[in-house]
Asks: 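Once you've had a glance at the structure underneath, I'll fire off some questions.
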Amino acid sequence: MARRRVWSGYVGPLYLALVAVLLRAGVQARPANMSALKDKNPNSKEENEILPPDHLNGVKLEMDGHINKDFHQEVFLGKDMEEFEEDSEPRRNRRKLMEIFRKVDFNRDRSVSAKEMQRWIMEKTEEHFQEAVKENKLSFRAVDPDGDGHVTWDEYRVKFLASKGFDEKQMAEKIKNNEELKLDEETQEVLESLKDRWFQADNPPADQLLNEQEFLSFLHPEHSRGMLKYMVKEIIRDLDQDGDQKLTLSEFISLPMGTVENQQAQDIDDDWVRERKKEFQEVIDANHDNVITMEELEEYMDPMNEYNALNEAKQMIAVADENQNHSLELEEILKYSEYFTGSKLMDYARNVHEEF
């Protein structure tokens, strides 16, 4: 079996979906990524700023190759996702969802078509992009100590190690003098993975320095076509067991090494396999030849692919389209609010006509 690589990852606050399925009581977790390091110091703000996130909002797969279970909510709610919390007042949530419906219903015919939903998905995805750009400016300042607009690998490495509890001045001095750092095996492996990614983000002509835009590609590869290809290669390398640079269904749905110790964990594994199998067969494998190529995975991963957005729109409509008219009415979205917002509304139809 191919070697499982330690991958970068700060799990973003909004979604946690692809990684949430890993949290199984009494069962060995799925292939480790850098989020394991984060658990050692979950309150480190600096670490959160400089580590590439495992979760990318509006992207269907996590950096470790797991399916983003909150994808539909992210591309339907955008920045409003945080407002729909489980303990929120149902009536307020209902009104907020009705307000969103009005915005999605571009032609004001009180029905949302696939084209209108596609337009909305693209708009919300762009919103996530702009949020990433905004956050990147702050992150870049955190790792550019001299403010010259460029960050060297050594500058980044010092900040990264400082976020892990190493003495920043001592690390900077050791790196400057090419001294051995004496790092633990896990930290060293993470650094090697980050270094590979760092140089991939260094656009030609390669100068081993990252400017703000290149640093954005480093943190958010969905902003760069070249880095998107790199991310796809990494995911395939982690999941590809026979080294043919393609993924079969069995490779895509394979469970990690370890034993299942209780029925609850077995049920979660069964759900995980079922969801990945459906995604493989119905979405990613575009030509239905029972293998996923790098090109197919890249198209699937591209958050700004309009064709994918239309397919997602049709799938989202199909979930709640009870009258089978290939569009969504307000009552249908309210009834299936948990799918669109993560929040289940009680008495969803009450006062709909008075409030709408």
Side-chain angles (χ1 to χ4, degrees), residues 6-16 18-19 33-59 62-64 68 74 78-79 81-82 125-169 171-172 175 187 190-203 206-228 230-231 234 303-304:
V6 176
W7 186 238
S8 57
Y10 156 60
V11 180
L14 291 181
Y15 134 72
L16 297 176
L18 293 178
V19 178
N33 56 42
M34 281 176 53
S35 59
L37 285 178
K38 173 183 175 287
D39 293 339
K40 295 180 180 179
N41 189 10
N43 297 318
S44 172
K45 183 175 185 297
E46 183 177 7
E47 179 180 347
N48 294 351
E49 289 175 342
I50 67 174
L51 276 177
D54 179 70
H55 168 67
L56 303 170
N57 290 323
V59 178
E62 298 288 15
M63 296 295 293
D64 59 7
N68 178 356
E74 291 171 2
K79 292 189 295 185
M81 191 171 175
E82 292 178 335
T125 302
E126 179 62 29
E127 193 173 279
H128 287 305
F129 266 49
Q130 294 306 317
E131 189 68 19
V133 171
K134 181 179 177 181
E135 293 173 356
N136 181 68
K137 289 183 180 296
L138 299 176
S139 301
F140 188 74
R141 288 181 204 157
V143 297
D144 182 21
D146 54 15
D148 65 353
H150 293 87
V151 179
T152 68
W153 166 246
D154 284 343
E155 285 176 330
Y156 178 82
R157 187 163 46 142
V158 167
K159 289 292 184 181
F160 168 77
L161 292 172
S163 75
K164 299 301 174 189
F166 294 93
D167 183 89
E168 183 171 347
K169 291 184 178 179
M171 289 297 101
I175 289 173
T187 301
V190 170
L191 267 179
E192 290 174 2
S193 179
L194 284 174
K195 185 176 183 180
D196 189 18
R197 179 169 175 167
W198 181 273
F199 287 108
Q200 287 290 331
D202 185 10
N203 291 328
D207 55 8
Q208 300 185 16
L209 301 171
L210 297 192
N211 57 31
E212 187 174 311
Q213 183 61 41
E214 291 168 331
F215 193 72
L216 175 65
S217 297
F218 172 72
L219 291 183
H220 290 273
E222 77 275 20
H223 284 252
S224 162
R225 196 69 188 186
M227 284 298 289
L228 188 63
Y230 174 71
M231 181 167 64
E234 291 293 291
M304 296 306 291

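The figures here come from the full heavy-atom set of this structure, side chains too, leaving out hydrogens, waters and symmetry mates.
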Asks: Angle class for the Phe199/Trp153 ring planes (parallel below 30°, perpendicular above 60°, tilted otherwise)?
Replies: tilted
Asks: Check side chain to side chain donor-acceptor pair (under 3.5 Å) between Asn203 and all other residues, then give those that pass, not counting sequence neighbours.
Replies: none
Asks: How about Leu219 and Ser139: do any of their side-chain heavy atoms sit closer than 4.5 Å?
Replies: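 Yes, at least one pair of side-chain atoms sits under 4.5 Å.
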Asks: Which heavy atom in Glu155 sits nearest to a heavy atom in His150, and how many Å separate them?
Replies: OE1-O, 3.5 Å
Asks: Side chains of Asn57 and Glu131: do they bring a donor and an acceptor to under 3.5 Å?
Replies: no
Asks: Nearest heavy-atom pair of Thr152 and Leu209: which atoms, and what distance?
Replies: CG2-CD2, 3.1 Å
Asks: To the nearest 0.5 Å, tell me how far Glu214 CD sits from Ser224 OG.
Replies: 9.5 Å
Asks: Distance-only, no hydrogens or angles: does the Asp202 side chain make a donor-acceptor pair with backbone N or O of Asp207 under 3.5 Å?
Replies: yes
Asks: Under 6.0 Å from the CD atom of Glu126, do we count more than 12 heavy atoms belonging to anything else shown?
Replies: yes
Asks: How long is the gap from CD on Gln200 to CD on Glu234, to the nearest 0.5 Å?
Replies: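 CD of Glu234 is found 8.0 Å from CD of Gln200.
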Asks: Where is the tightest heavy-atom contact between Arg197 and Tyr230, given as atom of each residue plus distance?
Replies: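 So the two residues come closest at N-OH, 3.4 Å.
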Asks: Which atoms form the tightest heavy-atom contact between Phe218 and Leu194, and what is the distance?
Replies: CE1-O, 3.7 Å
Asks: Going by the rule side chain to side chain donor-acceptor pair (under 3.5 Å), which residues pair with Lys137 if we only count those two or more places apart in sequence or in a different chain?
Replies: Glu212
Asks: Check Leu191 against Leu161 and note the closest heavy-atom contact, atom names and distance.
Replies: CD1-CD2, 4.0 Å
Asks: Once side chain to side chain donor-acceptor pair (under 3.5 Å) is applied, do any residues pair with Arg225, and if so which ones, sequence neighbours excluded?
Replies: Glu298, Glu299, Asp302
Asks: With side chains defined as the heavy atoms from C-beta onward, is the minimum distance between Asp144 and Phe215 less than 4.5 Å?
Replies: no
Asks: Between CE of Met231 and CD of Glu222, what distance do you get to the nearest 0.5 Å?
Replies: 6.5 Å
Asks: Taking only residues two or more places apart in sequence or in another chain, which ones pass side-chain contact (heavy atoms from CB on, under 4.5 Å) with His223?
Replies: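 For His223 the side-chain contact (heavy atoms from CB on, under 4.5 Å) partners, ignoring immediate neighbours, are Phe129, Ala132, Val133, Leu216, His220.
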Asks: Quick one: are Leu210 and Ser217 in side-chain contact, heavy atoms under 4.5 Å?
Replies: no
Asks: Could you measure the distance from the NZ atom of Lys195 to the CZ atom of Arg157? Nearest 0.5 Å is fine.
Replies: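 Between atom NZ of Lys195 and atom CZ of Arg157 there are 6.5 Å.
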Asks: Can you name the closest pair of heavy atoms from His128 and Glu74 and give their distance?
Replies: NE2-O, 2.9 Å
Asks: Name all residues meeting the side chain to side chain donor-acceptor pair (under 3.5 Å) criterion together with Glu135; count only those two or more places apart in sequence or in a different chain, and write none if there are none.
Replies: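 Applying side chain to side chain donor-acceptor pair (under 3.5 Å) to Glu135 gives none.
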Asks: First locate atom CG of Asn136, then atom CZ of Arg141, and finally report the distance between them rounded to the nearest 0.5 Å.
Replies: 10.5 Å
Asks: Could you list the residues that satisfy side-chain contact (heavy atoms from CB on, under 4.5 Å) with Val158, not counting sequence neighbours?
Replies: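 Only Glu168, Ala172, Ile175 meet the side-chain contact (heavy atoms from CB on, under 4.5 Å) criterion with Val158.
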